[in-house]
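For reference, the structure is listed below as structure tokens.
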Protein chains: 2
Amino acid sequence: MPEELRQDEYELLARIAHRYYVDDSTQEAIAREFGLSRPKVQRLLDRARRAGVVDIHIQAPPWLNLDLEDELRRTFRLVDVIVSPPRPDPRSQREAVARSAARYLERRLADASVVAVSHGRDAGEIPRFFRPERRLDCAFVSAMGGSPRVDAPTNPNEICRALAERSGGRAVMLYAPAYVEHAEIRDELLRQEAVADTLRLAAQADVALLGIGGTDDDCTMVRSGCLSTDEMARLRNQGAVGDVLGNYVDVRGRPVAAPHQDRLIALTVEDLRRIGTAVAVVSEAEKPRAVLGVLRSGVIDVLVVDEPNARAVLALAREDGSGDDGGPVRMDPAGEVIDRSVLS
Amino acid sequence: MPEELRQDEYELLARIAHRYYVDDSTQEAIAREFGLSRPKVQRLLDRARRAGVVDIHIQAPPWLNLDLEDELRRTFRLVDVIVSPPRPDPRSQREAVARSAARYLERRLADASVVAVSHGRDAGEIPRFFRPERRLDCAFVSAMGGSPRVDAPTNPNEICRALAERSGGRAVMLYAPAYVEHAEIRDELLRQEAVADTLRLAAQADVALLGIGGTDDDCTMVRSGCLSTDEMARLRNQGAVGDVLGNYVDVRGRPVAAPHQDRLIALTVEDLRRIGTAVAVVSEAEKPRAVLGVLRSGVIDVLVVDEPNARAVLALAREDGSGDDGGPVRMDPAGEVIDRSVLS
DNA sequence: CCCACTGTTGAGCAATTGATCGCCGCTCCC
DNA sequence: GGGAGCGGCGATCAATTGCTCAACAGTGGG
């Protein structure tokens with residue numbers, strides 16, 4: 001309780017709060033009854049809430065982590081966070097997260113939505129659980145090229161196809177590899193109309209469905225052959241902790257220049273920032289630092305994550321300075337540059 | 001809980017309620033976020049409250065009886081009820097009630113208020129505790145004549161004087177006895193300008209401060225000599241249980257014709273009904289039936305009462321039929337005749 | 001197969017609420 | 001004593017909320 005109350009104050013607050021919250025009187029009526037002005041009643045009600053005289057408790061299902069979600073949302077200035085309950089093994093954990101993400105998409109998508117889709121094992125699980133109540137006239141667009149060296153259902157094109165199939169929407173494929181040998185080849189590819197059209201559409205998406213990659217030698221970027229283990233080690237030395245669509249960041253959220261950047265065929269960070277709702281889906285247990293870095297980079301709007309990771313990320317964030325204050329300047333959700341020094 | 005919820009419904013309600021009550025999102029924002037229309041969010045929030053997902057608890061001081069007040073207010077359709085905590089002995093009980101009533105008056109009275117004041121031991125205690133924060137330019141007007149046979153501080157004139165003294169207001173006395181020998185004398189008195197003026201002003205009061213009398217042989221009406229013990233016994237036989245300003249009612253709230261009615265110098269029930277806020281102050285332990293009858297008669301708007309009486313009145317009311325359904329027709333607080341059959 | 005009926009939906013509007021602002025009275029320091 | 005600063009006050013207005021209503025979908029009965 002932020003302030004102490006005298007006995008008669010306490011009594012008045014309780015009386016007014018009771019009238020308002022239990023009896024559903026209007027502030028106006030209470031004001032008349034108690035001989036106060038309406039704004040004064042408002043202030044008293046405010047005070048009653050702040051002083052804990054009014055105690056609003058949400059009887060939440062025990063498997064929900066609303067407070068954890070709240071803390072993440074506030075710490076990283078996210079629009080939405082969904083924390084799914086813990087599971088004993090990684091496989092069912094991934095499924096639980098994917099189910100939550102699917103539910104979120106079902107709620108979030110409307111006709112004419114355009115969804116940019118990245119690769120990743122977590123994202124790859126989502127279609128299995130995606131079951132909109134009605135047909136959705138959406139477009140699912142690959143935001144990245146494919147790789148034959150990882151499981152097919154992990155490739156953006158496949159994820160798009162599956163999501164489109166289940167919702168009655170349309171899949172827009174990116175017929176290009178995730179990476180090529182030389183920058184020249186990439187530039188050539190980007191000039192191809194089929195490739196350019198798809199990436200242009202992806203860049204205009206309302207929603208982006210993203211995985212967060214780690215920096216271990218088993219991560220998707222390495223397994224897909226995009227980066228060698230040597231290159232990955234070098235990235236780690238440079239401080240990289242994780243990536244979104246191949247864009248690596250350090251633990252403070254600052255971009256880390258990567259050797260493969262100009263060989264990659266995917267949306268850029270700038271493209272992502274312009275997308276209204278960037279949804280990151282994460283379930284793997286070794287990733288809290290990756291998640292922390294990416295969240296701090298400010299590209300993510302919505303996070304779907306398992307409970308252990310959620311707790312780990314917050315613990316890390318508390319350890320080394322609050323939430324997202326990585327750089328001196330970042331983008332706010334609306335996309336303007338804001339000076340951190342003026343923020344709360 | 002009036003209805004059962006499926007698991008996912010429960011989850012949605014909890015999520016939305018949390019967003020609304022804990023995060024202070026607007027319904028609009030929640031609707032956008034969850035892909036619902038705003039009215040739908042409103043209905044879901046409603047449901048969350050009704051289903052007990054949202055639990056608003058007022059941390060009331062333990063000495064307040066807000067729920068008891070509520071029940072009285074609802075049962076007897078009162079505008080306001082103040083229940084003061086129980087005391088071991090009648091004397092301090094009366095003081096506690098008087099203190100509550102004084103607090104109420106302090107809140108309720110404004111400059112230019114006109115207060116009609118009745119007699120009674122309970123009302124007589126009020127001035128001692130009446131201490132408005134600032135000078136009040138009110139008029140306190142006797143609503144009844146006086147009697148030398150009861151303690152001076154129990155007479156309306158004295159109560160008025162004391163209240164006026166303590167608030168800086170003005171006392172308007174009724175220079176007449178509470179009762180006379182014959183109706184003719186009363187009528188003659190009522191024609192006297194001094195008497196008529198005072199009663200006319202009292203009839204125009206905003207607030208009436210009333211005691212509730214019982215029907216035992218020790219009640220104020222008998223002690224003041226207005227009624228003989230024989231007459232009182234006859235009244236009891238007729239079913240009378242209590243009075244306000246000498247107007248007796250039975251336990252169902254119906255008026256009981258009394259022998260002294262036309263010898264009495266006081267406001268009539270009709271006058272009382274026209275007064276916006278009729279406040280009854282009761283503390284004596286033997287009076288629950290009197291209070292019940294008077295409340296059911298519908299003249300009272302505000303009740304100030306001790307906790308034991310409050311409980312006793314409610315218990316009695318529950319025993320012999322609900323609250324105030326005494327007669328087929330009664331006045332509502334606004335003063336119009338309303339058909340009880342159309343009420344809730 | 002059609003139609004009445006019931007329950008649900010969101011548009012639109014009126015009431016309620018939250019927030020800003022200038023004002024007033026108080027205190028405290030000069 | 002006088003003035004600056006502060007906190008609380010209520011008028012006022014914009015935002016939010018509650019509510020009504022017409023339209024609609026689903027359902028069961030004719």
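Proteins come first, then strands; the chains are lettered A, B, ... in the order of their sequence lines, and each starts at number 1.
Residues passing the side chain to side chain contact (heavy atoms under 4.5 Å, CB included) test with Asp137(A), sequence neighbours excluded: Asp111(A), Arg135(A). Partners of Arg103(A) by salt bridge (Lys or Arg N to Asp or Glu O under 4.0 Å), not counting sequence neighbours, listed by chain and number: Glu106(A). With sequence neighbours excluded, the residues forming a side chain to side chain contact (heavy atoms under 4.5 Å, CB included) with Glu69(A) are Leu66(A), Val81(A), Ile82(A), Val83(A), Arg15(B), listed by chain and number. With sequence neighbours excluded, the residues that form a side chain to side chain contact (heavy atoms under 4.5 Å, CB included) with Ala202(A) are Ala116(A), Val141(A), Leu267(A). A search for salt bridge (Lys or Arg N to Asp or Glu O under 4.0 Å) contacts involving Asp67(B) returns nothing, not counting sequence neighbours. Residues that satisfy the side chain to side chain contact (heavy atoms under 4.5 Å, CB included) test with Arg43(A), not counting sequence neighbours, are Pro39(A). Evaluation of the side-chain hydrogen bond (donor to acceptor under 3.5 Å, both in side chains) rule for Ser113(A) yields no partner, not counting sequence neighbours.
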What are the atom names and distances for every N/O pair under 3.5 Å that joins the protein to nucleotides 21-26 of chain C?
none

Pairwise N/O distances under 3.5 Å, protein to nucleotides 15-18 of chain D:
unit_1, atom_1, unit_2, atom_2, d
dT17(D), OP1, Tyr20(B), OH, 3.0
dT17(D), OP2, Gln27(B), N, 2.8
dG18(D), OP2, Gln27(B), NE2, 2.7
dG18(D), OP2, Gln42(B), OE1, 2.5
dG18(D), O5', Gln42(B), OE1, 2.9
dG18(D), N7, Arg38(B), NH1, 3.1
dG18(D), N7, Gln42(B), NE2, 3.3
dG18(D), O6, Arg38(B), NH2, 2.6

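Atom CZ in Arg49(A) sits roughly 13 Å away from atom P in dT17(C) (whole-Å rounding). Note: CG (Asp24(A)) to C1' (dC19(D)) measures 14 Å, nearest angstrom. Distance Arg47(A) CZ to dG8(D) C1': 11 Å, rounded to the nearest Å. The interatomic distance linking Ile30(A) (CD1) with dA15(C) (C1') rounds to 15 Å, in whole Å.
Taking only side-chain nitrogens and oxygens, Lys40(A) comes nearer than 4.0 Å to OP1 or OP2 of dC9(D).
With respect to the salt-bridge test (charged N to carboxylate O, under 4.0 angstrom), the residues Arg99(B) and Glu95(B) do not qualify.
Checking dC9(D), dC19(D), dA19(C) against every side-chain atom of Pro39(B), the shortest atom distance belongs to dC19(D).
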